[in-house]
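Naming convention: chains lettered A, B, ... in sequence-line order (proteins, then strands); numbering from 1 in each chain.
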Amino acid sequence: MTNAYEPRAIEAKWQDRWEAQGTFRAANPGDPGFDPQAPKYYVLDMFPYPSGAGLHVGHPMGYIGSDVVTRRKRAEGFNVLHPMGYDAFGLPAEQYAIQTGQHPAQTTAANIATYRRQLKLVGLSYDWERELTTSDPAYYRWTQWIFARLYDRGLAYQAEVPVWWCEALKTVLSNEEVINGRSERGDHPCERRPLKQWMLKITAYADRLLDDLDLVDWPESVKTMQREWIGRSEGAEIDFEVDGLEDQRLTVFTTRPDTLFGATFMVVAPEHPLVRQLTTDAQRAAVEGYVEAASSKSDLERTDLAKEKSGVFTGSFAVNPAFEAGDERGKIPIWVADYVLISYGSGAIMAVPGQDQRDWDFAEQYGLSIVRTVQPTPNFEGKAFTGNGPAINSGFLDGMGVADAKAAMIAHLERSGLGRSKVNYRLRDWLFSRQRYWGEPFPVLHRADGSHLRVPDAELPVELPEMVDFAPPDDGSPPLSKAVDWVRATDPATGQTVTRDTDTMPGWAGSCWYYLRFMDPHNASAPFSKEAANYWGNVDLYVGGTEHAVLHLLYARFWHKVLFDEGLVPTKEPFQQLFNQGMLTAFAYKDGTGRLVSGDEVEFKGDVAVHRETGEALEQVVAKMSKSLKNVVNPDDVCEQYGVDTFRLYEMFMGPLADSKPWNPRDVPGCRRFLDKLWRLLIDGNTDQPVRPHLAAAAVGEPQGAAADLERSLARALKRVDDSFKAFNFNTAIAALMTFVNDAGKASDALRRDQAERLVQALAPFAPHLAEELWERLGHTESLARAPWPTYDPKWLIESEVEFAVQVNGKLRGTVVAAKDLDQAALAELAVAAAGKHLEGKNIVKTIVVPGRLVNFVAK
RNA sequence: GGGGUAGUGGCGAAAUCGGUAGACGCAGCGGCCUUAAAAGCCGCAGUCCCCUGGGACGUGUGGGUUCGAGUCCCACCUACCCCA
């Protein structure tokens with residue numbers, strides 16, 4: 001046994017032992033060692049997409065934070081489920097594969113190996129026997145199975161929808177992959193094109209997705225983002241008859257039916273199906289040119305308030321149903337303009353310039369009439385008035401407030417059959433297919449007559465065919481269509497030849513339910529057993545970045561609710577508490593020309609960063625870690641140089657877990673020094689004793705003298721450690737432990753064995769390897785992973801003497817040490833003396849005493 | 001344009017309720033130990049001013065409430081995020 005702190009040796013020893021002894025294995029009901037008395041706790045990290053670059057020090061921050069919680073919960077006696085896996089299907093692997101010719105299955109496997117090695121290096125206490133990979137057929141078999149449930153419930157359907165098509169890349173791209181009408185990769189032009197796609201009817205769950213946000217303990221900001229994304233708005237659907245189109249009506253959604261009398265024109269989106277019929281011959285050339293130009297613009301470009309509006313008159317007129325038949329005011333022109341989106345509402349609007357700024361701008365630009373139908377407030381100086389006020393110029397609505405006028409107009413429209421109240425959502429159905437190779441195949445067969453049926457459950461998984469050339473074909477068909485033998489299949493009902501669906505699911509699919517598979521990861525007859533789902537319930541704590549605040553969390557909630565309706569899960573919501581860790585940034589350095597200087601060329605002269613070779617002073621900036629900024633820090637290097645425990649400790653010591661903060665390599669050694677100091681506190685490096693002799697045996701009775709002082713210090717530290725779990729500000733926990741170790745270092749002979757043990761236990765979540773080693777040296781033969789969480793007697797927190805601040809008119813003028821409960825008169829007397837000359841020549845008007853804190857004299 | 005979050009020493013940060021701003025750590029300075037260095041230990045350390053003791057200022061800026069404001073209110077500036 002060596003007696004110096006050698007982190008790498010200790011860390012390897014304990015990681016091996018944890019693995020060999022299955023220390024972090026979570027027992028399911030029925031498993032050996034399952035304790036029905038123990039409460040359960042499920043801590044989940046958002047699992048990573050394994051990219052080729054491996055992990056940088058920012059990735060494990062949330063993982064370490066959740067591991068700290070996990071280890072404490074285990075010590076508190078919970079049966080903790082804490083698993084990890086890989087979100088392994090998706091576009092980047094496929095793009096890389098097309099470029100390099102390597103199969104995505106190979107690169108994905110290599111990337112996962114790197115991730116696994118790095119995650120294990122950091123000593124995260126996952127139950128590795130539950131590890132899963134979404135691209136594994138044993139996993140995606142059940143992703144397809146869940147899709148089949150959606151299909152059977154009518155929640156999956158195929159539809160022609162406008163999607164971004166990139167001709168150069170021969171593929172459909174998602175909205176996120178198209179910037180200003182050009183592809184993010186390669187900067188190729190893209191256009192909107194209607195294509196047949198799989199859609200999931202998430203809109204059928206819109207209200208539940210909205211309402212059930214009240215059931216979960218999530219950051220308000222994330223709930224707000226989800227509410228805005230769902231975008232529920234109440235209003236009315238109104239039908240407009242069109243001159244010369246007897247059999248068609250133009251239907252719009254509006255949140256302001258009360259303003260119908262002010263609807264002076266209509267606007268349809270360029271993609272609106274009636275555009276062709278609405279356009280008169282005289283206007284046809286102009287309209288067709290406009291529609292063509294609009295197809296390459298992004299939604300953001302089209303709807304930006306600051307941008308100038310554009311549009312073209314169709315030549316047709318609609319009839320505003322607010323007016324009596326034949327009233328000339330009710331004949332309003334229909335325009336095509338791209339500030340109206342086909343994807344929102346019905347793709348057509350009634351334009352009310354008096355109460356809508358975008359409509360006002362458009363009306364001004366094209367000389368269309370503007371009628372106010374809500375009386376603006378007296379000093380109103382703007383153009384469109386969106387506030388509340390009495391209706392004007394509105395016939396039977398005149399004088400009513402906005403809310404009453406809405407109700408009255410809806411009632412009026414319902415009587416005439418030209419409108420009805422309607423709830424509209426910004427949320428669209430989920431475009432669920434990709435014309436790509438590296439994803440889950442749809443378990444669907446197509447018959448010659450155009451109908452489709454799903455593959456029977458017993459025949460799942462529909463495995464991806466082995467393909468050498470999976471690049472998208474030139475004609476725009478999906479890569480899987482080239483796997484001719486695979487495409488040909490047999491109809492299980494009729495025995496006739498049918499074809500397989502050749503789309504694949506998007507990257508989001510596998511992550512929609514992975515938290516459920518973790519509950520029962522090896523089940524070969526179901527995605528997870530009912531017993532497992534009932535026992536583990538939902539995820540108690542879900543830790544990840546804000547970048548998933550909307551899409552992943554919304555999609556997973558949707559699938560969860562479908563599974564709830566299937567009776568497969570017992571909870572309405574998948575993730576009870578959500579925590580977003582902050583982003584880890586890093587310093588980057590620029591020279592005088594603004595060029596970035598690589599981290600290894602920077603050295604410090606005192607506080608100033610200078611170029612190692614030229615000596616030039618460099619400007620320090622804070623930025624996200626990225627290759628291009630040359631500021632990526634690799635966890636392998638940090639662990640190699642300082643040890644894993646130092647790495648973990650520093651990540652938690654930097655600041656609150658929720659904050660974004662910069663990695664400062666100069667701060668890391670301080671955390672190592674603390675661990676060295678703590679080691680020396682318990683171990684004499686000059687002997688071969690496992691611990692210092694006075695720690696070998698238990699102390700008897702109450703701590704006295706210096707040991708009592710240490711007990712007070714320890715109690716304060718343990719309280720602060722406990723408190724840090726409320727807001728995940730583990731930096732304060734570590735600071736408290738540092739303070740205790742400093743105190744104990746000054747009276748090391750007085751430190752009692754029970755105090756040393758509690759110190760080690762409290763440290764364990766942050767520096768688990770060192771803590772295990774010290775625990776063993778203190779004579780324990782069992783891992784401390786399930787040793788009880790340390791406690792203290794609250795009486796040690798009570799202080800009899802405290803320092804009171806003495807203020808005169810709110811300014812600090814001295815201090816007084818006195819009994820905490822000294823009566824106010826006696827305390828004031830002491831305080832007057834302490835204030836001394838600051839009270840000379842003044843009358844004390846008032847004396848304010850805050851018990852245990854301060855005395856403030858108001859004096860003139 | 002609307003909404004959210006944040007702004008505290010040279011740096012990361014702390015301050016649970018409106019009550020001694022800067023705990024803890026980094027970097028820095030001084031000392032001890034050492035032949036020397038490293039490590040360790042002890043001490044100093046917001047800024048400015050007379051430098052004995054102290055005084056003035058100080059939590060992005062400007063106001064306000066209060067005996068007392070980093071903390072509460074109003075306006076503004078800056079950064080990041082979300083929505084349009």
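- Shown here, B/G10 is classed anti by the O4'-C1'-N9-C4 or O4'-C1'-N1-C2 angle, which is more than 90° from 0.
- Within the nucleic acid shown, A/Glu228 comes within 4.0 Å of sugar-phosphate atoms alone, with no base atom in reach, counting heavy atoms only.
- Taking the P atom of each, B/A75 and B/C24 are spaced 39 Å apart, rounded to whole Å.
- The residue among A/Val802 and A/Ser221 whose nearest nucleotide of RNA chain B lies closer to the 5′ end is A/Ser221.
- For the pair A/Leu427 CG and B/A84 P, the computed distance is 12 Å after rounding to whole Å.
- Applying the Watson-Crick and G-U wobble criteria (two distances, each under 3.5 Å), B/C11 pairs with B/G25.
- Side-chain nitrogen and oxygen atoms of A/Arg227 include none within less than 4.0 Å of the OP1 or OP2 phosphate oxygen of B/G3.
- For the OP1/OP2 pair of B/A27 and a distance below 4.0 Å, the side-chain nitrogens and oxygens of A/Arg673 include at least one atom meeting the criterion.
- Checked against B/G19, B/A13, B/U16, the side chain of A/Asp723 finds its nearest nucleotide in B/U16.
- You'll find that the side chain of A/Val858 is closest to B/C67, out of B/G12, B/C67, B/C26.
- In the set B/U16, B/C26, B/G12, the nucleotide with an atom closest to the side chain of A/Lys719 is B/U16.
- Base orientation of B/C17: syn, since the glycosidic angle falls within 90° of 0.
- Rounded to the nearest Å, the gap between the P atom of B/U5 and that of B/C73 is 11 Å.
- Nucleotide B/G19 forms a Watson-Crick or G-U wobble pair with B/C67, both donor-acceptor distances falling under 3.5 Å.
- Across all strands shown, A/Pro656 has heavy atoms under 4.0 Å from sugar-phosphate atoms exclusively, and none from any base.
- Rounded to a whole Å, the CZ atom of A/Phe579 is 14 Å from the C1' atom of B/U5.
- The minimum heavy-atom distance between A/Ala736 and A/Arg720, with the atom names listed, is CB-CB, 3.7 Å.
- Atoms CZ (A/Phe653) and P (B/G12) sit 13 Å apart, rounded to a whole Å.
- Nearest to the side chain of A/Asp667, among B/C82, B/G25, B/C41, sits B/G25.
- Here the separation of B/U65 from B/C74, taken at their P atoms, is 15 Å to the nearest Å.
- The neighbour count for A/Arg853 CZ, taken as heavy atoms of other residues, nucleotides or ligands under 6.0 Å away, does not exceed 12.
- One can place CD of A/Glu651 at 17 Å from P of B/G12, the figure rounded to the nearest angstrom.
- Of the nucleotides present, B/C32 is the one that pairs with B/G40 by Watson-Crick or G-U wobble criteria, both distances under 3.5 Å.
- Between A/Phe730 and A/Phe653, a ring centre-to-centre spacing not shorter than 6.0 Å is recorded.
- Residue contacts shown for A/Glu803 include a base, since a base heavy atom lies under 4.0 Å away.
- Taking atom P in both B/G40 and B/G25, one finds a spacing of 13 Å when rounded to whole Å.
- Contact annotation for A/Arg426: backbone-only contact, meaning every heavy-atom pair under 4.0 Å involves sugar-phosphate atoms and none involves a base.
- For the pair A/Asn742 CG and B/C26 P, the interatomic distance rounds to 10 Å; values are reported in whole Å.
- Across all strands shown, B/A45 remains unpaired; no Watson-Crick or G-U wobble contact has both distances below 3.5 Å.
- The side chain of A/Thr732 sits closest to B/A15 out of B/U20, B/C24, B/A15.
- Nucleotides of RNA chain B nearest to A/Ile734 and A/Val850 differ in position, and the one nearer the 5' end is that of A/Val850.
- In this structure, A/Lys677 reaches the sugar-phosphate backbone alone: every heavy-atom distance under 4.0 Å involves primed, P, OP1 or OP2 atoms, never a base.
- For A/Asn664, counting side-chain heavy atoms from C-beta on, the closest listed nucleotide (B/C83, B/C11, B/A84) is B/C11.
- Spacing between B/G18 and B/U66 at atom C1', rounded to whole Å, works out to 9 Å.
- For A/Gln357 and B/G2, the CD to P distance is 12 Å, given to the nearest whole Å.
- Nearest nucleotide to the side chain of A/Arg720, out of B/G19, B/A23, B/G4: B/A23.
- One side chain, A/Thr203 or A/Asp429, offers a donor N or O that lies under 3.5 Å from an acceptor on the other.
- Taking only side-chain atoms of A/Trp229, from C-beta outward, the nucleotide of B/A27, B/U20, B/C83 with the closest atom is B/C83.
- Rounded to a whole angstrom, the distance from the P atom of B/G53 to that of B/A45 is 13 Å.
- At the heavy-atom level, A/Thr815 lies under 4.0 Å from base atoms of the strands shown.
- Going from the C1' atom of B/U59 to that of B/G22 covers 9 Å, rounded to whole Å.
- Residue contacts shown for A/Arg813 are limited to sugar-phosphate atoms, with no base heavy atom under 4.0 Å away.
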Inset, instruction - Show your working on side-chain hydrogen bond (donor to acceptor under 3.5 Å, both in side chains) between A/Asn664 and A/Tyr650 and close with a plain yes or no. - result: CA-CA 10 Å; A/Asn664 188 348; A/Tyr650 175 60; 5.9 Å; no
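- A straight line from CG of A/Asp356 to P of B/A84 spans 15 Å, rounded to a whole angstrom.
- Side-chain atoms of A/Asp361 and A/Gln357 form a donor-acceptor pair, as typed in the model, at a separation below 3.5 Å.
- Separation of atoms CG (A/Leu553) and CG (A/Leu209) is listed at 11.5 Å; rounding is to 0.5 Å.
- Spacing between atom CE of A/Met583 and atom C1' of B/C80 amounts to 8 Å, rounded to whole angstrom units.
- Atom-to-atom distance recorded for A/Lys811:NZ and A/Arg813:CZ is 6.5 Å, nearest 0.5 angstrom.
- As rounded to the nearest Å, B/A15 and B/G9 have C1' atoms that lie 15 Å from one another.
- When both distances must be under 3.5 Å, the Watson-Crick or G-U wobble mate of B/U78 is B/A6.
- At a cut-off of 3.5 angstrom, counting only N and O atoms as typed in the model, there is no donor on one side facing an acceptor on the other between the side-chain of A/Lys811 and the base of B/U20.
- Counting non-hydrogen atoms under 4.0 angstrom, A/Asp676 reaches nothing in the nucleic acid.
- Across all strands shown, B/G1 forms a Watson-Crick or G-U wobble pair, both distances under 3.5 Å, with B/C83.
- Within 4.0 Å (heavy atoms only), A/Lys223 reaches no atom of the nucleic acid at all.
- Contact annotation for A/Asn731: backbone-only contact, meaning every heavy-atom pair under 4.0 Å involves sugar-phosphate atoms and none involves a base.
- In plain terms, the two heavy atoms of A/Val423 and A/Phe253 that are nearest each other are C-CE1, 4.5 Å.
- In summary, A/Arg8 and A/Glu6 do not engage in a salt bridge, as defined by a charged side-chain N under 4.0 Å from a carboxylate O.
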